[in-house]
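Data first, discussion second: the structure below is written as structure tokens.
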2 protein chains.
Amino acid sequence: MKNLFANRVLNNDTSDLNEIFKNSANPENISFAGGFPDNRLFPDHDLKTAYQNAISQDGQAIFQYASTQGLPALRQKLANRMATCAGVHVDADNVMLTQGGQQAIDLVAKLLLNRGDAMAVEGPTYMGALAAFDTYEPTYYEIPVDQDGMDVHYLKNTLKAHPEIKLIYTVPDFHNPTGTTMSLRRRQALVALANQYDVIILEDSPYRDLRYSGKNLPAIKHFDTEGRVIFISSFSKILSPALRTGWLVADDEIMTELIGLKSAIDVQSPNVTLAAINSYLDHHDIDHHIANINAAYRVKRDAMLNALDRYFPASVTYTRPAGGFFIWVSLPQGIDAQQLLRDVVLPQAHVAYVPASCQFASRQVTNGFRLNFTSLDPITITTGVKRLGAILHNVTTNTTVKVGAQL
Amino acid sequence: MKNLFANRVLNNDTSDLNEIFKNSANPENISFAGGFPDNRLFPDHDLKTAYQNAISQDGQAIFQYASTQGLPALRQKLANRMATCAGVHVDADNVMLTQGGQQAIDLVAKLLLNRGDAMAVEGPTYMGALAAFDTYEPTYYEIPVDQDGMDVHYLKNTLKAHPEIKLIYTVPDFHNPTGTTMSLRRRQALVALANQYDVIILEDSPYRDLRYSGKNLPAIKHFDTEGRVIFISSFSKILSPALRTGWLVADDEIMTELIGLKSAIDVQSPNVTLAAINSYLDHHDIDHHIANINAAYRVKRDAMLNALDRYFPASVTYTRPAGGFFIWVSLPQGIDAQQLLRDVVLPQAHVAYVPASCQFASRQVTNGFRLNFTSLDPITITTGVKRLGAILHNVTTNTTVKVGAQL
């Protein structure tokens with residue numbers, strides 16, 4: 001049947017990555033690869049009650065078709081939350097509920113990208129966003145990331161050289177995969193550049209509330225003067241990913257088109273789920289729940305940073321995130337993290353991570369990897385990092401260790 | 001921002017249709033427009049218990065990320081059901097759970113269609129499928145439908161003239177919008193044509209179980225010899241649309257690619273919902289529930305047919321479906337059902353239907369409309385048809401009635 005498949009599928013070989021994730025899922029391995037919340041933090045009893053209450057309250061009507069944009073009461077709560085937590089003042093009509101943040105990314109790509117259209121992404125960036133964008137076959141321009149987030153000076157030069165760029169995708173808060181946060185100054189500069197070069201910014205912020213030290217910054221959307229910023233977040237990391245509920249904030253002109261596209265994609269999100277989340281928020285202080293999550297994740301992050309400080313060789317560097325799910329590790333030039341994973345780390349150390357290459361649109365950077373610290377307990381984190389450190393000491397000091405053909 | 005939108009959005013003006021649906025939703029009108037199940041048939045108590053049982057049984061683990069393809073236990077139940085109810089023998093690995101049947105349509109379009117690629121659709125066809133396909137900008141070839149479903153002789157000539165056609169979309173069981181069912185002979189002929197011309201068939205069958213007289217036919221997929229048929233169905237019409245849960249059946253090569261695309265679109269369907277449906281099926285006989293639905297819908301269909309027989313003029317014809325949700329009405333040539341709706345039927349009779357034009361890929365056929373009979377009670381159905389009949393008597397006999405510019 002392959003002869004009948006579209007180019008977007010034929011040009012996309014993800015078999016290497018699938019193999020990695022298959023091996024990572026092996027319970028004999030310590031996996032830092034996934035971006036999973038800790039199971040033990042899900043409020044299962046409260047959510048069970050929320051489903052019961054929602055169904056009892058609405059009765060049979062809850063099971064009927066409903067609005068494509070999503071339950072108005074829940075959208076109003078999110079509009080309120082956007083004001084208090086992100087400095088973004090919008091109506092419920094500017095909020096849409098989506099199947100996790102992922103669907104919101106797909107919707108925005110569908111709204112904007114013809115085949116070959118130009119867009120800017122951070123390098124590295126969220127690999128799931130690349131998977132969504134890839135299916136619209138854009139031309140990517142990669143913008144480096146440092147401790148203050150996307151390099152806006154580099155971005156400016158890229159926009160000057162490529163004024164055809166339509167869309168900038170960024171994860172400004174506790175960036176996936178590096179964990180860094182975009183500075184206030186850069187947020188303002190980014191909006192100014194978008195205005196100047198007539199570009200839309202997609203601000204993807206699922207980790208925003210998961211801060212373990214310091215204070216939150218206003219969203220990029222807070223600085224939006226021309227309705228150019230589309231903001232995305234999700235209940236996946238603060239409540240549960242199995243609810244598959246995210247939200248998107250956009251101005252009217254964009255929202256109208258996105259609702260039309262969502263209707264064609266899946267008609268609407270599951271009303272029962274939305275009503276259950278709404279009932280949960282009616283009866284519980286989600287900020288109290290988030291504070292509990294943050295206390296637990298802070299311990300895990302510290303455990304990983306302590307282990308990295310203790311067990312990793314000096315030639316290997318890593319980020320020190322103030323929140324989120326991930327730490328980014330940079331290896332000396334010439335080490336291919338994917339080969340190292342397949343040939344040494346998985347078979348010898350029984351540890352998994354996500355190698356750099358699949359997190360760059362260019363697929364050209366290989367000497368780095370992403371570590372997740374939220375899904376495992378501190379002892380397992382320490383054990384895994386210690387094992388990984390031993391391998392890295394070998395490969396960075398002992399050139400007789402063979403890693404594929406490259407070393 | 002319009003200058004930044006993709007062609008798929010710019011080329012798609014749905015404002016007329018949105019206006020119609022907005023007016024249809026006005027509770028002062030009797031709306032035959034929507035394709036809604038009857039609220040009073042949703043098993044709300046049983047589904048509430050199913051959510052409780054599923055969450056109690058799995059605890060916190062139910063709220064974690066899960067499989068993109070969907071809950072294995074539910075996929076196994078659907079594989080079993082495909083054998084007993086549709087004559088299709090597949091493994092659970094050949095079943096994927098989707099966000100309603102709608103997402104399955106979008107996924108198949110994404111798998112196959114480059115911009116401009118050729119596909120065949122019934123005329124008329126399900127307007128939501130056209131909305132999904134439209135975003136991939138295909139070239140449509142329209143195949144007429146009669147009492148035995150898609151005209152396969154016409155299809156054969158179209159395939160001969162356009163061997164570049166990749167995909168045939170059909171609703172074989174109680175077709176949306178005409179209510180007709182494809183004959184056994186045509187199902188076999190369709191598969192033979194697909195084999196001969198190297199085409200994939202998308203068999204969309206959400207109404208399959210809703211039969212009010214006669215016996216079910218095997219699915220088109222039953223006759224598939226080369227893995228060319230992708231079968232879709234849904235819990236929307238037999239359990240609840242608010243669960244947003246459909247399923248897709250495909251052979252391995254196609255399934256592998258569809259899982260990759262689903263992962264990029266929304267990662268996975270909500271595990272809590274899938275587990276609740278699985279629990280419902282563990283504790284209840286869904287065929288008993290479907291029999292209750294069918295008994296209620298049979299009465300509604302008969303009420304509508306009786307009213308049509310009584311109140312519609314002889315120059316207006318309509319289908320007599322053996323199941324499903326819809327009856328198709330054909331008006332004399334020259335009557336534009338959309339103008340009639342806007343100018344006369346809505347403002348004077350306070351009745352709504354879905355006019356023909358938006359249900360044809362060509363948008364060229366105007367003298368017909370779709371009536372839904374499942375969402376209203378028999379008395380309201382009769383009242384609405386009577387009012388509609390009075391208007392139709394006027395426009396078909398009295399040329400002084402002005403309907404826009406056309407009459």
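Each chain gets a letter, A, B and so on, in the order the sequences are listed, and its residues count up from 1.
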Report the option among [options] that has the most heavy-atom pairs separated by less than 4.5 Å from atoms of chain B.
| options | result |
| --- | --- |
| A:Gln60, A:Gln103, A:Gln268 | A:Gln60 |
| A:Leu4, A:Asn271, A:Ile55 | A:Leu4 |
| A:Phe5, A:Tyr136, A:Phe36 | A:Phe5 |
| A:Val272, A:Leu239, A:Ile254, A:Leu111 | A:Leu111 |
| A:Glu137, A:Glu226, A:Glu257 | A:Glu257 |

At a heavy-atom separation under 4.5 Å, does [X] approach chain A through its side chain, its backbone, both, or neither?
| X | value |
| --- | --- |
| B:Ser263 | backbone |
| B:Leu130 | neither |
| B:Leu10 | neither |
| B:Arg115 | neither |
| B:Ala66 | neither |
| B:Ala54 | neither |
| B:Leu113 | backbone |
| B:Asp134 | neither |

Is the ring pair A:Phe133/A:Tyr169 parallel, tilted or perpendicular, if the boundaries are 30 and 60 degrees?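 Ring orientation of A:Phe133 relative to A:Tyr169: perpendicular.
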Any side-chain donor near an acceptor of the partner, A:Asn195 and A:Thr225, under 3.5 Å: yes
Measuring only between side-chain heavy atoms, which start at C-beta, is A:Ser269 closer than 4.5 Å to B:Gln99?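 Result no, sub-4.5 Å side-chain heavy-atom pair not found.
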Show me the donor-acceptor pairs, under 3.5 Å and distance only, between side chains in residues 273-280 of chain B and residues at least two apart or in other chains.
from	atom 1	to	atom 2	distance (Å)
B:Asn278	OD1	B:Lys77	NZ	2.6

Residues that B:Asp251 engages under side chain to side chain donor-acceptor pair (under 3.5 Å), provided they are two or more places apart: B:Lys221
Over 12 foreign heavy atoms within 6.0 Å of NE2, A:His162: yes
